[in-house]
Amino acid sequence: MNVLVINAGSSSLKYQLLNVETHTLLAKGICERVGSDEAFHKHGLDENEVVIDAKMADHDEAMALVLESLTSGPTKAIDSLDEIDAVGHRIVQGGKYFPRSVVIDDDVVAKIDELAELAPLHNKAALMGIHACRKHMPGIPMVAVFDTSFFQTLSPRAYMYPLPYELYEKYGIRKYGAHGTSHRYISERAAAVLDEPLEDLKLITCHLGNGCSMSAIDHGIAVDTSMGLTPLDGLMMGTRCGAVDPAVVPFLMEHENLSTAEVNDLMNKKSGLLGISGISNDLRSVKDASEQGHERAQLAYDMYSYSVKKYIGQYIAVMGGVDAIVLTAGVGENCEKMRRMIFSGLQPLGIVLDEERNRLRGGERVISTDDSPVSILVVPTNEEYMIARDTFELVHQ
Ligand code: ADP
């Protein structure tokens, strides 16, 4: 069964075509800067990637281009759209309505729209993707897979904020989390690598990319996570500040004369590694500068690892221990120095990194010592596969 996975952002449309039964990636690509004069379309598997300048006024036109490139010309991966059996859409905010993935119907579309208040850019973009697919592939079953579903198992003491309760009732203000599909995937894979049932394990999962989040997964159930009402909360990230004293917000608005949009922009786009280092949101550049003695880059690097370390401590306390810590995404998978810093000093907690294994590259792997009571694993994430698998399972019911 071939599933087209769509991840629509406000000005982008990412896609992958996968055969779920054979685990084969048939095609992938991205339309970027949709709606601007500089729009372009990258299509193809790594070595055969082509970049096409293309006019795309909106997601509808981007979708038409994607389907054309999947079925014709040098980028062709399938003979006709009939070979696409279902479409899986990544949706950022599923609120309280969606504790699991669902087949998309009019009611689901209405609820995704209603939830857009909690994730304005993301849910609206996803809806554009859904409408475009409905138009270009009428009748093909579609499934929505939500970033928040995995965290619907959190208990109220973990997801409530100590604000007046009425605000929760009125607006649904609470922790929803994000990156859930990634945390779900790496927790399943970690159990497979350790050859133990997920239901027997206490896991801390760390998605460390441009966006960063961690979660505590107790016997297969997510019990806490670092992102909140929005993906701004929790860890320090590439351009997002993560958790800061909430009083900073009114202070900045007053002293810097900022509007709500401006303060939102400052915390989402100008903070994190970029804000502290003044150099980049990209950890590689920050690392290079810090190694050349750039003090603010060193500080940014240090703060990033400290932020992860603190959550490890929190989640060990929350679960009363941990069996394995799992790392994924750009930084988690690739940056041996960051991993060394995160785990330095944690030996008294039974967490012992193997220096040699930490240096090696590769796919799924254990990087703790053989006698470390807590295992440390690197697991490359694969959210698209998870979306395709959910789609397959729901459509096949
Ligand atoms: P996104 O959240 O945008 O999907 P990624 O998972 O691709 O992000 O992660 C991007 C981050 O990973 C960047 O900060 C980048 O610098 C970092 N990264 C990628 N490769 C390396 C590496 N070899 N060493 C250090 N950092 C890396």
Side-chain angles (χ1 to χ4, degrees), residues 5-16 28-30 32-33 42 46 49 90 92 119 121-122 125 147 177-183 185-186 189 205-215 225-227 230-242 268-292 294 296-305 307-308 326-343 353 358-365 367 378-387:
V5 174
I6 299 289
N7 181 355
S10 52
S11 64
S12 67
L13 192 139
K14 270 196 229 170
Y15 59 94
Q16 285 195 6
K28 68 172 187 176
I30 181 167
E32 286 199 71
R33 303 194 191 162
K42 267 195 243 171
D46 298 333
E49 189 173 85
R90 177 198 176 207
V92 165
L121 292 179
H122 293 105
D147 269 16
H179 287 154
T181 311
S182 177
H183 288 277
Y185 177 78
I186 64 169
R189 289 307 310 155
T205 48
C206 316
H207 181 112
L208 307 177
N210 248 322
C212 302
S213 62
M214 287 173 61
S215 60
T225 192
S226 60
M227 284 178 167
T230 74
L232 180 58
D233 197 9
L235 297 157
M236 169 175 176
M237 313 185 207
T239 59
R240 283 173 251 168
C241 56
N268 273 291
K269 300 199 179 136
K270 297 177 183 157
S271 300
L273 287 173
L274 174 65
I276 293 294
S277 70
I279 290 178
S280 172
N281 64 312
D282 193 297
L283 192 78
R284 279 166 295 202
S285 312
V286 175
K287 176 168 159 274
D288 291 347
S290 78
E291 285 167 355
Q292 283 154 19
H294 190 288
R296 277 174 49 187
Q298 278 171 358
L299 174 63
Y301 207 82
D302 236 24
M303 287 171 67
Y304 188 101
S305 67
S307 163
V308 176
V326 196
L327 300 137
T328 196
V331 176
E333 288 169 35
N334 300 305
C335 191
E336 57 166 279
K337 182 173 173 183
M338 182 55 77
R339 292 194 298 252
R340 204 164 49 240
M341 286 180 66
I342 290 169
F343 295 111
L353 186 73
N358 186 40
R359 267 192 289 277
L360 300 175
R361 299 203 148 254
E364 295 175 345
R365 56 204 190 270
I367 56 166
V378 174
V379 173
T381 194
N382 195 343
E383 289 158 282
E384 290 79 11
Y385 167 73
M386 223 44 191
I387 295 171

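Order of appearance sets the numbers: ligands from 1, and atoms from 1 within every ligand.
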Given side chain to side chain contact (heavy atoms under 4.5 Å, CB included), test L283 with Y301 step by step and report yes or no.
CA-CA 8 Å; L283 192 78; Y301 207 82; 3.8 Å; yes
After noting the C-alpha distance and the side-chain angles of M227 and M237, does the key distance pass the side chain to side chain contact (heavy atoms under 4.5 Å, CB included) rule?
CA-CA 11 Å; M227 284 178 167; M237 313 185 207; 3.8 Å; yes
Working for side chain to side chain contact (heavy atoms under 4.5 Å, CB included), residues H122 and D147:
CA-CA 11 Å; H122 293 105; D147 269 16; over 6 Å; no
Criterion side chain to side chain contact (heavy atoms under 4.5 Å, CB included) on R33 and S11, from CA distance to verdict
CA-CA 5 Å; R33 303 194 191 162; S11 64; 5.6 Å; no
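Judged by the shortest distance from any of its heavy atoms, R361 lies inside the 4.0 Å radius around the atoms of ligand 1. Distances from ligand 1 to the non-hydrogen atoms of G211 include at least one value under 4.0 Å.
Within a 4.0 Å radius of atom 9 (O) of ligand 1, the protein contributes one or more non-hydrogen atoms.
Less than 4.0 angstrom separates some heavy atom of A329 from each of these atoms of ligand 1: 6 (O).
The environment of K269 atom NZ is sparse: at most 12 non-hydrogen atoms of other residues, nucleotides or ligands sit within 6.0 angstrom.
By the criterion of a heavy-atom distance under 4.0 Å, neither the backbone nor the side chain of E383 is placed next to ligand 1.
In terms of protein heavy atoms, atom 17 (C) of ligand 1 is closest to V331 CG2, 3.7 Å. At the shortest separation from atom 24 (N) of ligand 1 among protein heavy atoms lies R284 CG, 3.7 Å. Summary of contacts: the protein heavy atom closest to atom 2 (O) of ligand 1 is N210 N, 3.1 Å. Looking only at protein heavy atoms, the nearest one to atom 23 (N) of ligand 1 is N334 CB, 3.4 Å.
Screening I342, N334, T328 against L208 for a side-chain contact (heavy atoms from CB on, under 4.5 Å) leaves a single residue, I342.
Any N or O atom pair closer than 3.5 Å counts here, and D282 shares at least one such pair with ligand 1. Between L283 and ligand 1, a contact under 3.5 Å exists for at least one N or O pair. Close N/O approach between G330 and ligand 1 is found [any backbone or side-chain N/O within under 3.5 Å].
Side-chain N/O atoms of S213 and H183 include a donor and acceptor closer than 3.5 Å.
Comment: E384 does not engage K28 in a salt bridge, judged by the lack of any side-chain N to carboxylate O separation of less than 4.0 angstrom.
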